[in-house]
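Worksheet: the structure to be examined is printed underneath.
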Amino acid sequence: MAQKRYRIGVMFSTTGSYSVVARSILNGALLAFQEVNASGGGIVLEPVVVNPSGDLARYRSLSLELLGSGIRQVVGCYTSSSRKEVIPCFEKFDGLLWYPSHYEGFESSDNVIYTGAAPNQHVLPLVDYLASRVGSRAFCVGSNYIWAWENNRIFREALIARGGAVLAERYLSVGDTEVDQVIAAIIDQRPDFVFNNLIGTSAYAFFRAFRAACRARGIDQAAEIPVASCTLSEPELPEIGPDAVDGHLSSSVYFSSLNSPENAAFIRAYRASFPDGPVSSADAESSYIAVKLLAAALAQAGTDDARTVRAAVADQRLRAPQGEVRIDRQTFHAWLTPRIGRSAANGQFEVLLESREPIAPDPYLVQSSPRFASAMRSPLLKVVQS
């Protein structure tokens, strides 16, 4: 029987201020394409790769070009601002965007499949960990766009529900590396921890300068004012540099240090395919998952029509590197396994806590009301190491 061929758009900013993460995401998708095509199944996927270079207008124009060329399925976008920019294009021309990044939630579109973490899978577990084990006084920093605004809002309300407080919020333009004023304010306030939503080069500059400023004042930054993120991943640790790489907390559904046969196979294949890096990450695993689920849905649907594929993907289950993943039929977000990790000097994360099983996505936090107080009624995560 002849194999069906499908052209699939792949759209990530592999140049620009967050290019390190984007290249890792692209690699995860390309690895999945290789494995699908080598499997000898009934379909062949042809990736059509484009690079918006972090330019929002370019995201829109490239989306229109891909959809105008007859492509119906696109795996793409890292930032929420880029996703928001292109969704109207997919809704107008009835394409399907496979969005493989953790995000702030409070969104639903019939033209998007979300394979990254929703806020109840990364923000709320982090709040629970910090409030119960680190402290209750937070200082929030972030890049000045919707991801940081909304994440800080969710974090603030969840922390207040736990009896905590946010001392201040500060925002920098994406790519801004002038962080001295923010750091001075943090040290002046002496919070229990910093909640970081800076991305790319802004984040790397902040980690380096904050560690140096604390060291100059005799402060053990990692122990006394730890930085916690929902974005920090393995490809970014070398960008921070050896003097400030360790002791940072990250809430994620995947770390490359996970000990499972599926992850071991994923890491081997990833390293073999991309020996020059960047190394794998939660976002790389998420784009890998997106392509694998897309391939399974295409095989079942027998067409790349967006609505038919969307209906088919809810029937798929995947034994992913992080554990079992499936798409929720109500929200078309993924069931994922939350974890808390701490960065080490070797460029890996030590897993401190993890969920006993995948948890349902709750993008609008409707299961976490009122005011998020019931979100963590029972222990979501089990201790892996202290």
Side-chain angles (χ1 to χ4, degrees), residues 18 20-21 23-25 101-102 116-117 121-123 125-130 133-135 138-143 151 155 177 179 183 186 191-215 219-259 263 267 270-271 277-286 321-322 337-355 381 383-386:
Y18 48 87
V20 173
V21 177
R23 294 201 309 273
S24 177
I25 305 174
S101 182
H102 43 262
Q121 296 164 326
H122 61 102
V123 182
L126 184 60
V127 172
D128 185 60
Y129 177 86
L130 293 169
R133 295 171 180 268
V134 179
F139 194 112
C140 296
V141 298
S143 294
N151 252 22
F155 188 90
T177 57
V179 297
I183 288 171
I186 293 170
D192 295 321
F193 58 86
V194 174
F195 180 47
N196 166 56
N197 286 293
L198 295 165
I199 66 166
T201 53
S202 299
Y204 315 147
F206 173 79
F207 281 112
R208 288 191 297 267
F210 187 42
R211 178 67 58 88
C214 286
R215 186 180 291 121
I219 300 170
D220 183 345
Q221 179 264 306
E224 298 179 47
I225 318 176
V227 179
S229 310
C230 293
T231 53
L232 187 63
S233 62
E234 291 86 348
E236 300 179 291
L237 297 181
E239 300 298 314
I240 295 172
D243 292 338
V245 72
D246 62 305
H248 308 305
L249 299 170
S250 184
S251 180
S252 183
V253 296
Y254 171 84
F255 295 107
S256 61
S257 56
L258 295 180
N259 184 17
N263 188 48
I267 294 296
Y270 186 99
R271 288 174 176 168
V279 298
S280 62
S281 66
D283 297 294
E285 194 236 10
S286 187
Q322 69 170 270
T337 303
R339 295 175 168 93
I340 305 293
R342 181 173 56 210
S343 65
N346 65 358
Q348 292 287 312
F349 284 90
E350 306 166 316
V351 179
L352 305 179
L353 290 93
E354 64 182 5
S355 172
L381 304 179
V383 174
V384 176
Q385 61 178 302
S386 59

* **Donor-acceptor pair, side chain of S257 and main chain of F349, under 3.5 angstrom** => yes
* Asked: Considering all heavy atoms of both residues, which atom of V20 and which atom of P235 are nearest to each other, and what is their separation?
  -> CG1-O, 3.4 Å
* Would you please test V21 and I199 for side chain to side chain contact (heavy atoms under 4.5 Å, CB included) and show each step? => CA-CA 10 Å; V21 177; I199 66 166; over 6 Å; no
* Going by heavy atoms in the side chains, are D283 and H102 under 4.5 Å from each other? -> yes
* Asked: Do D192 and R133 meet the salt-bridge criterion of a basic N to acidic O distance under 4.0 Å?
  -> no
* Under the side chain to side chain donor-acceptor pair (under 3.5 Å) test, residues paired with S233 that sit two or more places apart -> E236
* To do: Could you pull out the closest heavy-atom pair between D246 and A344, with the gap in Å?
  => CB-C, 4.1 Å
* Asked: In Å, rounded to the nearest 0.5 Å, how long is the span from CG of L352 to CZ of R342?
  -> 4.5 Å
* Asked: Under 6.0 Å from the CZ atom of R271, do we count more than 12 heavy atoms belonging to anything else shown?
  -> no
* To do: Give the C-alpha distance, both sets of side-chain angles, the deciding distance and a yes or no for side chain to side chain contact (heavy atoms under 4.5 Å, CB included) between Q221 and V227.
  => CA-CA 8 Å; Q221 179 264 306; V227 179; 3.7 Å; yes
* Kindly give the heavy-atom pair with the smallest separation between S281 and E234, and that separation in Å. => CA-OE1, 3.7 Å
* Asked: Between Y270 and P278, which heavy-atom pair has the shortest distance, and what is it?
  -> OH-O, 2.6 Å
* Structure fact -> Between the OH atom in Y18 and the CZ atom in R23, the distance rounded to the nearest 0.5 Å is 13.5 Å
* Structure fact -> Output for pair (C140 SG, I186 CD1), nearest 0.5 Å, gives 10.0 Å
* Asked: Can you tell if the side chain of L249 reaches within under 4.5 Å of the side chain of Y129, non-hydrogen atoms only?
  -> yes
* Walk me through it: do L258 and R339 pass the test side chain to side chain contact (heavy atoms under 4.5 Å, CB included)? => CA-CA 10 Å; L258 295 180; R339 295 175 168 93; 3.4 Å; yes
* Structure fact -> For S286 and G116 the tightest heavy-atom approach is OG-N, 3.5 Å
* Are any of the side-chain heavy atoms of L237 and L232 separated by less than 4.5 Å? -> yes
* Drop me the distance from I183's CD1 to R211's CZ, to the nearest 0.5 angstrom. => 11.5 Å
* Structure fact -> Here the gap from N151 atom CG to C230 atom SG, rounded to the nearest 0.5 Å, amounts to 5.5 Å
* Aromatic plane relationship, F193 with F155 - under 30° parallel, 30 to 60° tilted, over 60° perpendicular -> perpendicular
* To do: Indicate yes or no: at least one non-hydrogen side-chain atom of N263 is less than 4.5 angstrom from one of N259.
  => no
* Asked: Okay, side chain of S343, backbone of V245: is any donor-acceptor separation there less than 3.5 Å?
  -> yes
* To do: Looking only at non-hydrogen atoms, find the nearest pair between A244 and F207 and report the distance.
  => CB-O, 3.7 Å
* Validation row: P191, I225 side chains within 4.5 angstrom (heavy atoms) -> yes
* Are the side chains of V253 and H122 in touch, meaning some heavy atoms are under 4.5 Å apart? -> no
* To do: Taking atom types as modelled, find out whether S202 and S143 have a side-chain donor-acceptor pair closer than 3.5 angstrom.
  => no
* If we only count heavy atoms from C-beta on, is the F210 to N196 side-chain gap below 4.5 Å? -> no
* **V279 backbone acceptor or donor facing S24 side chain under 3.5 Å** => yes
* To do: Could you walk me through whether S280 and Y254 pass the side chain to side chain contact (heavy atoms under 4.5 Å, CB included) test, one step at a time?
  => CA-CA 10 Å; S280 62; Y254 171 84; 3.9 Å; yes
* Any chance you could measure E354, atom CD, to S252, atom OG, to the nearest 0.5 Å? => 12.0 Å
* Taking C-beta and beyond as the side chain, do S256 and Q348 meet within less than 4.5 Å on heavy atoms? -> yes
